[in-house]
Each structure stands twice: as C-alpha cells, then as structure tokens.
Amino acid sequence: MHEHLTPDICVIGAGSGGLSVAAAAAAFGVDVVLVERGRMGGDCLNYGCVPSKAMIAAGKRAHAMRTASIFGIEQVDPAIDFSAVHAHVRSVIEAIAPNDSVERFEGLGVKVIRAEGRFIDERTLEAGGHRISARRFVIATGSSPVIPPIPGIENVEVLTNETIFELEQRPDHLVVVGGGPIGLELAQAHRRLGSRVTVVEAARFLSREDPDLAAIALDALRTEGIALVERHSVVRIERTDDGLRLVAKSEDGGEQIVAGSHLLVAAGRSPNLAALALDAAKVRHDKKGIAVDAGLRSSNRRIYAIGDVAGGPQFTHVANYHAGIAIRALLFRLPAKADYASLPRITFLDPELVQVGLTEAEARKAHGEVRVLTWPVHDNDRAQAERETTGLIKLVADRRGRVIGVSILAKGASEMGNFWSLALSKKMRVRDLTGFISPYPTMGEIGKRAAMSYFTDMARRPVVRRIIRFLRVFG
Ligand SMILES: Cc1cc2nc3c(=O)[nH]c(=O)nc-3n(C[C@H](O)[C@H](O)[C@H](O)COP(=O)(O)OP(=O)(O)OC[C@H]3O[C@@H](n4cnc5c(N)ncnc54)[C@H](O)[C@@H]3O)c2cc1C
C-alpha cells in the first residue's frame with residue numbers, strides 16, 4: 001500500500017551527507033523521510049574511506065614487519081592471507097555499519113525508504129511507489145567512478161572502488177589507471193600486501209598537490225617497488241590469457257606496454273544525477289554536478305544539494321560540513337555559506353600527505369607576495385626515534401603573517417590536519433603558532449619550528465639586527 005508522504009524534509013541518499021542531515025533534523029523533532037537505493041552509509045562506509053583505510057592499515061602492518069630490523073627486531077616477509085585481509089576489511093565495515101543502519105535511523109524517528117528516488121515535478125519525488133511532497137528536499141546522492149571509453153576496455157574485467165574490496169584473492173599484478181589519491185592509496189596498500197603494482201597516469205601524479213611534497217611521496221612509492229608511468233594516456237586495452245595488456249602513449253609518441261592480472265580504474269568520478277530526473281524538478285545541473293549557490297541551494301528554491309553531487313570538493317568531511325550548512329538553513333533559516341579556505345584534504349599514503357588551505361603555487365597566484373616557511377621531518381626528534389624521517393612541512397603566510405596554507409608530508413600527518421584546519425579557520429598568524437606549548441617529542445612540533453623560522457629569518461635581516469643591537473646597548 002503506497003502512501004502520499006508530506007514530510008518537512010526529504011533527504012535523497014543515505015551516505016555521509018544525507019545521514020548527517022537526517023540525524024540532525026530528527027534530533028530537532030523534524031519529520032524526515034530518507035530515501036536510499038543502495039547500501040546505507042553510501043560510498044564512504046561501503047566502497048570508499050572505510051574499506052580503503054582498513055586495507056591501508058593491513059598494508060602498514062605488513063610493511064612494519066618487513067622493515068623491523070632497523071629497531072633491532074628480526075624482520076620477516078610476512079605470509080599474507082588475502083582472504084583474511086578481506087575479512088578484516090569487512091569486519092571494520094560491519095563494526096561501523098550500525099551507526100548508519102535503517103534500525104538506528106528509524107529509532108531516531110526517520111522514515112527510511114529503500115528505493116531509488118526520481119522527481120516527477122518541482123515539488124514531488126517518487127520512490128518505491130511512494131509520492132513524497134516535502135517542504136524541502138536535500139539531494140545527497142554522491143558520485144560514481146568514471147570508466148573512460150578506452151578501446152578494448154569492454155573486453156576485460158574492470159575493478160573500481162565499488163568492486164576491488166570484494167576480492168578475496170590477491171591480484172598478482174594490479175594495473176591502476178589513474179594516479180590521483182584513490183589510485184595511489186590503493187596501489188600502495190596492494191603493493192604492501194604482496195601484489196606487483198603499476199600505475200598509469202595521463203598527466204602528473206598527484207597533480208593538485210604541492211610538487212615538492214608530491215615528489216618525495218612518489219619517491220617513497222617507487223622505493224617500495226611500485227611502477228609509476230606518468231604522462232601516458234592509455235590508448236588500448238587487450239585481454240590476454242593471464243589478464244590484460246595495456247598500451248599507453250605519451251604526447252611525444254613514446255609507447256609503454258603494461259601487462260597485468262587485474263585492472264583498477266580510478267580515473268575520476270561523476271555525480272549521481274541520471275536517476276533523479278532533475279529536469280522535471282527544474283534543478284539546473286551539468287556533468288560536474290548540481291549547480292548550487294554558496295548556501296547549497298539549487299535553482300529550485302525547495303531543493304538543496306550537498307556532498308559529492310554538489311560539484312565541489314569530494315570528501316566525507318565536506319559532505320558533513322555541507323550537511324551543517326543545509327541544516328542551519330532548513331531548520332533555523334540562518335544563512336550560511338560554504339567556505340573552503342581551511343578545508344583539509346589528505347592523501348592516505350605512507351607517509352601521509354596533507355593540504356590545508358592553499359598550496360604555495362595557489363597562494364602566489366592569489367596573493368602575489370607570500371612567505372614560505374619549511375621544516376624537514378628529519379630535524380624532528382620524535383621522527384628520529386620512530387625512524388620515520390621522510391617528509392617536510394611547508395607553511396605559506398600572506399604579507400601580514402596570516403597563515404593561508406599548509407602542506408605536510410609526514411608519518412601520521414593526517415592527525416595534524418585537525419590542528420591546521422582550526423588554525424586556518426581562526427585566521428591565525430605565524431606568531432600565534434609560535435606562542436603555545438607544543439608537547440615534546442611529537443611530530444606536530446614541525447609546525448611550530450617552521451613558524452619560528454619566520455622570526456629567525458627576520459632576525460637575520462640587517463635592519464632588524466641593527467635594531468636588536470641598538471636595544472641591547474640602549475634598551
Ligand atoms: C576509494 C575511496 C576512498 C575515499 N577515501 C576518503 C577519505 O579517506 N576521506 C574522505 O573524506 N573522503 C574519502 N572519499 C570520498 C568520500 O567517500 C565521499 O566524498 C563521500 O562518500 C561523499 O558523501 P555523499 O553523501 O556525497 O555521497 P555518498 O556517501 O556516496 O552517498 C550517496 C548515496 O546516495 C545513494 N543514491 C544515489 N542516487 C540515488 C537515488 N536516485 N535515489 C536514492 N538513493 C540514491 C547512493 O546509493 C549512496 O548510498 C573516498 C572515496 C573513495 C571512492
């Protein structure tokens with residue numbers, strides 16, 4: 001028996017963004033309907049952040065065993081039971097899944113409809129035979145992997161983030177197409193779990209990241225035995241008896257042939273729009289996503305779009321941040337604007353690569369003159385004790401000493417992302433970052449040391465030295 005539902009809010013998509021909106025709205029006693037066509041928890045829980053980080057953790061443990069002798073502990077090449085690694089990944093998902101479950105959300109008072117949602121007019125969504133006329137809609141339908149139309153790709157089995165975590169047998173030789181964060185994270189995890197790995201990238205690896213830090217990160221991958229083929233576009237894929245062969249060409253006509261057992265495509269993502277019939281709802285959109293204003297409202301004022309589908313940065317923490325903005329508008333009519341000036345993004349390689357705010361190149365373009373302060377990880381006592389001395393921190397400050405960007409490559413740097421996102425969101429200056437007690441010995445001290453170099457560099461300037469001398473004599 002199908003109903004005509006008239007909730008206050010209808011959320012489409014039960015992933016990172018949609019669940020946050022539904023939970024917050026329900027907590028305020030608002031009548032909410034949540035529509036989900038696939039697994040509760042969306043990409044992050046089922047096919048993205050959670051399984052990838054669980055697999056990376058398994059790879060790290062294997063790597064630690066292979067490199068233990070530096071601590072005086074016998075190193076071993078561990079036997080890896082790939083199906084047990086698969087079970088570990090599944091059990092991490094299962095441990096988190098209750099937070100995102102239908103039972104939990106129904107317990108919060110949300111009506112959950114397990115079906116695909118499709119607009120039939122500007123005010124009505126149809127899902128599972130129900131008609132839903134909500135006061136406001138929030139579209140949080142996420143994104144999906146793009147499969148490029150490479151000749152021959154239809155003849156081989158293509159793995160994506162939606163299928164790779166289902167493998168129970170280790171790929172002998174994983175060929176990854178796409179050298180962004182997703183491709184490289186999975187490349188390193190598989191390499192450490194015993195696969196041979198080749199990554200092919202049409203442009204530059206980690207092309208959005210600071211090139212100095214990216215170069216060190218890529219060297220670390222090569223040292224672990226990952227083959228990196230840069231600036232080569234894949235022009236053809238052929239099926240072979242033991243897997244596939246891929247032909248890639250560079251702009252100057254150079255050709256590389258890569259043979260492998262499995263193919264993972266991590267070559268970009270496209271927003272999940274098609275099923276929504278957005279034209280019926282008069283919601284403007286293009287191939288990047290739904291067009292929204294800074295308050296995440298679409299061309300239909302009843303409809304908001306958040307997370308990956310909104311065409312901006314694609315991270316779980318962005319989807320959650322968007323959810324907060326939408327909730328302020330929907331429940332309290334408080335206008336809020338998405339501001340990405342302190343947005344952290346992390347590439348979970350080992351060492352981890354963190355970017356908060358602008359890179360040096362972006363800062364120079366936007367601000368002209370900037371101060372760049374660096375500190376190498378090998379000058380950090382904790383890094384020496386842990387034998388994790390690869391990396392660098394780069395702080396970028398504007399003319400007035402305000403920190404506008406930080407790039408970090410260091411073991412465990414993702415945790416430093418919290419501190420730096422707070423620092424940038426509070427518009428801190430370099431002097432704020434020297435005027436606190438940093439616990440010793442921690443990796444995080446690299447930030448304070450970089451900040452202090454702002455003043456030590458200044459003290460070396462002749463005019464400042466003259467002032468200091470004057471103060472010593474007459475002060
Ligand atoms: C391999 C990988 C690793 C990642 N690692 C990280 C990480 O470490 N940190 C990080 O911050 N981000 C990471 N991300 C990105 C992160 O997963 C996404 O940014 C995040 O999931 C986006 O949340 P969302 O709510 O927009 O969409 P999703 O979480 O994908 O949820 C969208 C939901 O909408 C449903 N849906 C779609 N269309 C319809 C419809 N018409 N009707 C009903 N339901 C529909 C889908 O089934 C899905 O469940 C990773 C992504 C990948 C692929």
Side-chain angles (χ1 to χ4, degrees), residues 10-23 33-57 89 97 100 102 112-119 125-128 130 132 137-146 159-165 176 178 180-187 189-190 264-278 281 283 289-290 296 304-323 326 343-349 352-354 414 417 421:
C10 173
V11 181
I12 312 155
S16 310
L19 289 173
S20 302
V21 170
V33 168
L34 176 62
V35 179
E36 170 56 55
R37 70 177 177 190
R39 291 191 187 163
M40 295 292 288
D43 254 30
C44 185
L45 175 64
N46 299 294
Y47 318 106
C49 334
V50 172
S52 64
K53 268 76 250 178
M55 197 168 207
I56 287 168
V89 171
D100 295 356
V102 173
V112 182
I113 298 176
R114 305 296 302 272
E116 188 163 84
R118 186 178 70 91
F119 284 97
L125 186 91
E126 197 175 65
H130 300 283
I132 306 161
F137 288 91
V138 178
I139 301 177
T141 50
S143 62
S144 297
V146 170
L159 295 167
T160 67
N161 67 292
E162 290 173 3
T163 47
I164 192 155
F165 301 111
V176 184
I182 294 175
L184 290 179
E185 286 179 14
L186 291 173
H190 279 83
L264 168 68
V265 172
R269 306 195 51 87
S270 73
N272 292 330
L273 300 173
L276 290 165
L278 291 172
V283 171
I290 294 176
L296 304 169
Y304 289 72
I306 65 169
D308 283 11
V309 79
Q314 296 186 327
F315 299 103
T316 282
H317 46 274
V318 169
N320 292 336
Y321 171 61
H322 283 177
L343 173 69
R345 70 166 181 266
I346 297 167
T347 307
F348 289 86
L349 294 172
E352 290 171 337
L353 183 54
V354 174
S414 56
S421 180

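All residue numbers refer to positions in the sequence shown, counting from 1. Atoms within a ligand are numbered from 1 in the order they appear, just like the ligands themselves. Please read all numbers here as calculations on a predicted model, not as lab measurements.
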TODO: Evaluate the criterion side chain to side chain contact (heavy atoms under 4.5 Å, CB included) for residue pair Leu278 and Ile139; output intermediate values, then yes/no.
DONE: CA-CA 10 Å; Leu278 291 172; Ile139 301 177; 3.7 Å; yes
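Of all the atoms in ligand 1, the ones that sit under 4.0 Å from a non-hydrogen atom of Gln314 are 15 (C), 19 (O). Those atoms of ligand 1 with a heavy atom of Ala319 less than 4.0 angstrom away are 23 (O). Each of the following atoms of ligand 1 lies closer than 4.0 Å to a heavy atom of Gly38: 47 (O). Short contacts between ligand 1 and Val35, defined as distances under 4.0 Å to a heavy atom of the residue, involve ligand atoms 43 (C), 44 (N). Of all the atoms in ligand 1, the ones that sit under 4.0 Å from a non-hydrogen atom of Phe348 are 8 (O). Heavy-atom proximity to Asn161, at under 4.0 Å, picks out these atoms of ligand 1: 1 (C), 53 (C). Near Gly307, with a cut-off below 4.0 Å to any heavy atom, the atoms of ligand 1 are 26 (O).
Of the possible polar contacts, one joining the His317 side chain to the Pro344 backbone as a donor-acceptor pair under 3.5 Å is found. Checking side-chain atoms of Arg114 against main-chain N and O of Gly38 turns up a donor-acceptor pair under 3.5 Å. With hydrogens and angles ignored, the 3.5 Å screen pairs a side-chain donor or acceptor of Asn46 with a backbone N or O of Met40. Using a distance-only test at 3.5 Å, with no hydrogens or angles considered, a donor-acceptor pair links the side chain of Thr160 to the main chain of Glu162. Here the side chain of Asn272 pairs a donor or acceptor atom with the backbone of Thr141 at under 3.5 angstrom.
A heavy-atom distance below 4.5 Å is found between the side chains of Ile56 and Glu185. Using a 4.5 Å cut-off on side-chain heavy atoms (C-beta onward), Cys10 and Val35 make contact. Using a 4.5 Å heavy-atom cutoff, the side chains of Ile113 and Ile132 are in contact. Arg269 is listed as a side-chain neighbour of Asn161, based on a closest heavy-atom distance under 4.5 Å. Residues Leu34 and Val21 fail the side-chain proximity criterion, which asks for heavy atoms closer than 4.5 Å. Counting heavy atoms from C-beta on, the side chains of Phe119 and Ile12 come closer than 4.5 Å. Using a 4.5 Å cut-off on side-chain heavy atoms (C-beta onward), His322 and Tyr304 make no contact. You'll find the side chain of Leu186 stays beyond 4.5 Å of the side chain of Val176, heavy atoms only.
The protein heavy-atom contact nearest to atom 3 (C) of ligand 1 is Gly48 C, 3.4 Å. Of the protein's non-hydrogen atoms, the one nearest atom 28 (P) of ligand 1 is Asp43 N, 3.7 Å. With hydrogens left out, the protein atom closest to atom 14 (N) of ligand 1 is Cys49 SG, 3.8 Å, a heavy atom. Gly142 CA, 3.2 Å is the protein heavy atom nearest to atom 27 (O) of ligand 1. At the top of the distance list for atom 16 (C) of ligand 1, counting protein heavy atoms only, stands Thr316 OG1, 3.6 Å. Shortest contact from atom 41 (N) of ligand 1 to any protein heavy atom: Gly117 O, 3.2 Å. Scanning the protein heavy atoms around atom 43 (C) of ligand 1, the nearest turns out to be Arg37 N, 3.4 Å. Among all protein heavy atoms, the one lying closest to atom 25 (O) of ligand 1 is Gly17 N, 2.8 Å.
Taking a 4.0 Å cut-off on heavy atoms, Met40 fails to register as neighbouring ligand 1. The closest approach between a heavy atom of Arg39 and any atom of ligand 1 is below 4.0 Å. Judged by the shortest distance from any of its heavy atoms, Ala115 lies inside the 4.0 Å radius around the atoms of ligand 1.
Atom CG of Leu184 sits about 14.0 Å away from atom CZ of Phe348, to the nearest 0.5 Å. The OG atom of Ser16 lies 11.5 Å from the CD atom of Gln314; values are rounded to the nearest 0.5 Å. Distance check: Leu343 CG to Phe315 CZ gives 6.0 Å after rounding to the nearest 0.5 Å.
The residue among Gly42, Ala140, Gly13 with a heavy atom at the shortest distance from atom 32 (C) of ligand 1 is Ala140.
At least one N/O-N/O distance between Phe315 and ligand 1 falls below 3.5 Å. At least one N or O atom of Glu36 sits closer than 3.5 Å to an N or O atom of ligand 1. Any N or O atom pair closer than 3.5 Å counts here, and His317 shares at least one such pair with ligand 1. Taking only nitrogen or oxygen atoms, main chain and side chain alike, Asp308 reaches within less than 3.5 Å of ligand 1. Looking at Tyr47 next to ligand 1, no N or O pair under 3.5 Å apart turns up. Polar contact check, Arg269 against ligand 1: no nitrogen or oxygen pair lies under 3.5 Å apart. Taking any N or O of Gly41, backbone or side chain, none lies under 3.5 Å from an N or O belonging to ligand 1.
With a 4.0 Å heavy-atom cut-off, ligand 1 is reached by the side chain of Leu276 but not by its N, CA, C or O. Proximity of Ile12 to ligand 1, defined as any heavy-atom pair under 4.0 Å, is confined to the side chain (atoms from C-beta onward). The side chain of Ser52, and not its backbone, has at least one atom closer than 4.0 Å to an atom of ligand 1 (non-hydrogen atoms only; side chain from C-beta on). For Lys53, every heavy-atom contact with ligand 1 shorter than 4.0 Å involves the side chain, none the backbone.
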